[in-house]
Amino acid sequence: MTEVTVVQETHDNSGFNREVLMNLGPQHPSTHGVLRLLLQMDGEIIERVDPHIGLLHRGTEKLAEHFTYTQIFPLTDRLDYLCPPSNNLGFALAVEKLLGIEAPVRAQYIRVIMAELSRISGHLLITGALPMDVGAMTSLLYTMREREMVMDLLEMISGVRMHTSFCRVGGVREDLPPGCTERIIEFCDIFTNRIADYEKLLLHNRIFLARVENIGNISARHAVALGLSGPNLRASGVDWDIRRDAPYEIYDRLEFEVITRKDGDCFDRWKCRVDEMRQSLRMIRQCVEQMPEGPVIVDDPKIAFPVDKDKLAHSMETHIHHFELAAFGFKVPAGEVYQAIEAPKGELGYYIISDGSEKPFRFKVRAPSFVNLQALCEHTTNMKYLADVIAMLGSLDPVMAEVDK
Amino acid sequence: MESIIVILPLLVKMGIVVAVLLLLPLPLTWLERKIAAHIQQRPGPMRVGWHGLLQPLADAIKLLTKEDHIPMDADRLLFKMAPVVALVPPFVVFVAIPFGEPVQIFGSSYTLALSDMNVGLLFILAVSGIGVFGVILAGWASNSKYAVLGSLRSIAQMISYEIPMGFSVIGVVMLAGSMNLSDIVHAQDGLWNIVYQPIGFFVFFVAGLAEAQRIPFDLPEAEGDLGAGYHTEYSGIRFSLFMLAEYVVMVVLALLNALLFFGGWLGAPPFLPPALWLLLKTGFFIWVFMWFRFTFPRYRYDQLMSIGWKVLLPLSLLNILISGIFMF
C-alpha cells in the first residue's frame with residue numbers, strides 16, 4: 001500500500017507520468033559542460049525540457065566578499081572562461097564607477113582590444129561547436145586553430161593564455177609589449193579570410209541548414225520577456241547592444257554595426273555571432289589606429305602602484321602607499337553600483353555594494369548565460385525532436401561556469 | 001578423397017576471408033583517424049609505430065583487456081548475444097562476393113568466391129538485413145534509454161533504407177539479366193553501369209551510407225544527442241565486435257558499389273591483378289565514406305525518414321521505369 005502511494009506521489013510531484021524521462025547530462029558530449037537536462041519525451045518528440053543547473057557552482061559571489069577588489073579579478077576570469085578579458089573589464093568598470101575615476105585613454109583602448117579579441121575567441125567556439133553538435137566535427141577543429149591565434153595574442157599581452165586578469169582598477173597591468181599591435185593587425189588580416197572559409201564550409205551546407213534553420217525560433221517578444229541579451233537577443237531582431245546604446249570605455253569612438261537578424265532561430269544565432277566577429281575585427285583595427293600614447297593606469301597612489309618604480313626607493317610616502325595597497329588593498333567609498341557591459345554572451349552586469357572597506361559587502365554577477373539558458377524551454381521555442389534540443393542548446397551558447405558561478 | 005579436394009579449397013578460402021575481415025579494422029581505423037586528422041589539419045596518431053601505424057594494435061590490446069562491463073539490470077543473455085548477431089551477417093555476406101575470374105592452379109580451376117551463387121545479390125541484401133537484429137537486441141538488452149532510442153532509430157533507418165537500396169539494384173539486375181555478381185560484372189564489359197545507371201548508383205550509394213550508419217546518417221549512434229546510441233553500455237571486446245561489424249558493413253558496401261556500378265575487377269590496367277584492382281576501387285569508396293564523415297553534419301531523425309521515403313524510394317522507382325523503357 002505504502003509503495004503505491006510513494007510511486008503516485010513522485011509522479012504527482014514531478015508532473016511526469018507516462019512518457020519516457022531521459023536524463024541528458026551532466027556528463028554528455030553536447031551539454032557544453034555540466035548541464036543536466038531532464039527531458040520528458042514521447043519517443044523522439046520532446047514534451048518538456050527541464051534544465052538542472054548548479055553542478056559547477058563555486059561560490060564566486062560569496063568568495064568575492066572575502067577578497068580585496070584586486071583579488072576579485074581572477075575570480076571574474078573564471079566566470080565565462082572563454083573570454084576573461086571581457087569579464088575583467090566589466091568588474092573594473094563597476095569599481096571605477098564607485099571610486100569615481102576613469103582609466104587613462106590608452107588603458108581603455110587596450111581593454112577594448114582585449115575584450116574584442118576575447119569576443120572573437122568566445123564566438124569562435126560556438127562557430128565550430130554548433131556544427132559539431134549537429135554532427136560536423138571538422139569545423140570545430142578549424143575554429144580552434146584560429147582560437148589558438150587569439151590565445152597567442154592574449155598570451156603575448158598578458159603572459160597568460162586563458163585567465164588573463166590583465167585589468168586593474170584604474171587601468172591595465174602594463175602597456176602592450178613591443179610589436180604587439182603589428183601582430184594584432186596580422187591576425188586581423190588572416191582571420192578575415194578564415195571567417196569566409198567557415199561560411200564557405202557551412203553557409204550553403206544543406207544538411208547544416210536543415211538542422212538549424214527554423215529550429216528553436218525565439219520571437220522578439222519572447223526574447224525580451226525572457227531577458228535574453230547579446231547575440232541571442234539580436235538574432236531575434238531586437239536592436240540592442242550596450243556597446244552602442246550605453247557606451248562605456250571608448251566604444252563611442254568606434255564605428256561598428258550592430259548585427260541583427262530576423263527569425264531568431266538557431267541559424268540566426270549562429271550567423272549573428274559569425275558576423276559579429278567581423279565587426280570585432282573592425283573595432284580592433286580602429287583601436288590599434290586610434291590608440292594614443294600615454295599612461296596605462298591612473299596616477300593615484302591610493303589605488304594603483306606607482307608607474308615610476310624608482311620613486312619607491314626615494315619617497316617614503318610612495319613607499320607607504322605601496323605597502324598599504326599591497327597589504328590591504330584600497331578602500332572603496334560606501335555605495336552601490338550596477339555596471340553592465342556587452343560581454344560576448346550578452347549583458348554581463350556587476351552589482352557591487354561597498355561598505356567603505358577594501359572588500360565588497362555584496363558582489364552579484366548578472367551572468368548572461370544564466371539568463372539566456374532560460375530560453376531552453378519548450379514553451380517559447382519550436383523545438384520538436386531530441387536533436388533540436390541539442391541544436392538549441394548549442395546555439396544559445398551557455399558557458400556553464402558562468403551559469404553556476 | 002574426392003570430398004577433400006572439394007572441401008579443402010573452400011576451407012582455405014573461408015580461412016582467408018575470415019582472417020582478412022577480422023584484421024581489417026586495424027588498417028581501417030588507422031586510415032580513418034589519419035583521414036580525419038588530415039582533413040582537420042592535425043597529424044593524427046604519430047606515437048605508436050611509424051606515423052602511428054601500430055596505433056590500432058595498441059587500441060585492440062586496450063579493448064581486449066578492458067573490463068567487460070554488463071549493466072546491472074541488463075538482459076544478460078541478449079546483451080552477450082547482440083554483438084555476435086550484429087557481427088555474423090556482414091561476414092556471411094562475403095560468401096557471395098566474387099573477387100575476380102576463376103584462377104587456374106595446377107590445372108584445376110578455382111573461383112575467387114566462396115560460392116558464386118546465382119542469387120548472389122538477393123542473398124547479400126537479405127543477409128545484410130539480419131544485421132539489424134544485433135542492433136535491436138543491443139538496444140533492448142542494455143536497459144538504457146540512450147541505447148533503446150539509438151536502436152529504435154536504427155531499426156527505422158535500416159528498414160527504410162533497405163527498400164530503396166533493394167530497388168536501386170533492380171536496374172543493374174535488369175541490365176545483366178542475372179542476380180549472380182560475376183554475371184553482373186561481366187555485363188559491364190565495355191561500359192560500366194555507372195553510365196547506364198547514374199540514378200541507381202546515387203540511390204544505392206546514399207542508402208548504403210545509411211545502411212552502414214555513416215554520417216550524414218549516423219543517427220543510431222549520434223554522439224551529439226545519444227552519447228553512443230545502441231552501444232552506449234558496451235565496453236571492451238563486445239564494443240569492439242560492434243565496431244568490427246560496422247567496418248565490415250562499410251567494406252561490403254564499398255565492394256558492392258565497385259562491383260555493381262564500377263565494373264568490379266574489369267578494366268584493370270595490365271600491370272595490376274584484377275582482384276587488386278577491385279580492392280583499389282573498394283578502397284576508393286571507403287575513402288569517400290570516411291571523407292563524408294568529416295565533412296557533413298548529420299540529419300535529424302524525421303529528415304532522415306523523409307529522405308528515405310520521399311526522395312530515395314521514388315527515385316529508385318523512377319530508375320526502374322527509365323531502365324525498363326530503355327531496355328524495351
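Note that the structure is a prediction, hence the values are computed from the model and not measured. Proteins come first, then strands; the chains are lettered A, B, ... in the order of their sequence lines, and each starts at number 1.
By the salt bridge (charged side-chain N to carboxylate O under 4.0 Å, His left out) test, Asp265(A) is found to be paired with no residue, residues two or more places apart in sequence or in another chain being considered.
Among Thr295(B), Asp302(B), Leu152(B), the residue with the largest count of heavy-atom pairs under 4.5 Å with chain A is Asp302(B). Across Ile207(A), Val134(A), Leu141(A), the residue that shares the most heavy-atom pairs under 4.5 angstrom with chain B is Ile207(A).
When side chains are defined from C-beta on, Arg298(B) counts as touching Arg211(A), because their heavy atoms get closer than 4.5 Å. Within the 4.5 Å cutoff, side-chain heavy atoms of Met137(A) are placed close to those of Arg293(B).
With a 4.5 angstrom heavy-atom cutoff, Ile215(A) touches chain B only via side-chain atoms. Looking at Gln40(B), the atoms closer than 4.5 Å to chain A (heavy atoms on both sides) sit in the backbone and in the side chain alike. In this structure, chain B has heavy atoms under 4.5 Å from both the backbone and the side chain of Phe208(A).
For Ala387(A) against Arg300(B), the heavy-atom pair with the smallest separation is CB-CG, 3.6 Å.
The environment of CZ in Phe133(B) is sparse: at most 12 heavy-atom neighbours from other residues, nucleotides or ligands sit within 6.0 Å. Around CZ of Arg206(A), the count of heavy atoms belonging to other residues, nucleotides or ligands within 6.0 Å does not exceed 12. Enclosure of atom CZ in Phe370(A) is not indicated, since only 12 or fewer non-hydrogen atoms of other residues, nucleotides or ligands lie within 6.0 angstrom.
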Checklist entry - Yes or no on side-chain contact (heavy atoms from CB on, under 4.5 Å) for Thr138(A) and Phe296(B), after CA distance, side-chain angles and deciding distance? => result CA-CA 9 Å; Thr138(A) 299; Phe296(B) 291 132; over 6 Å; no
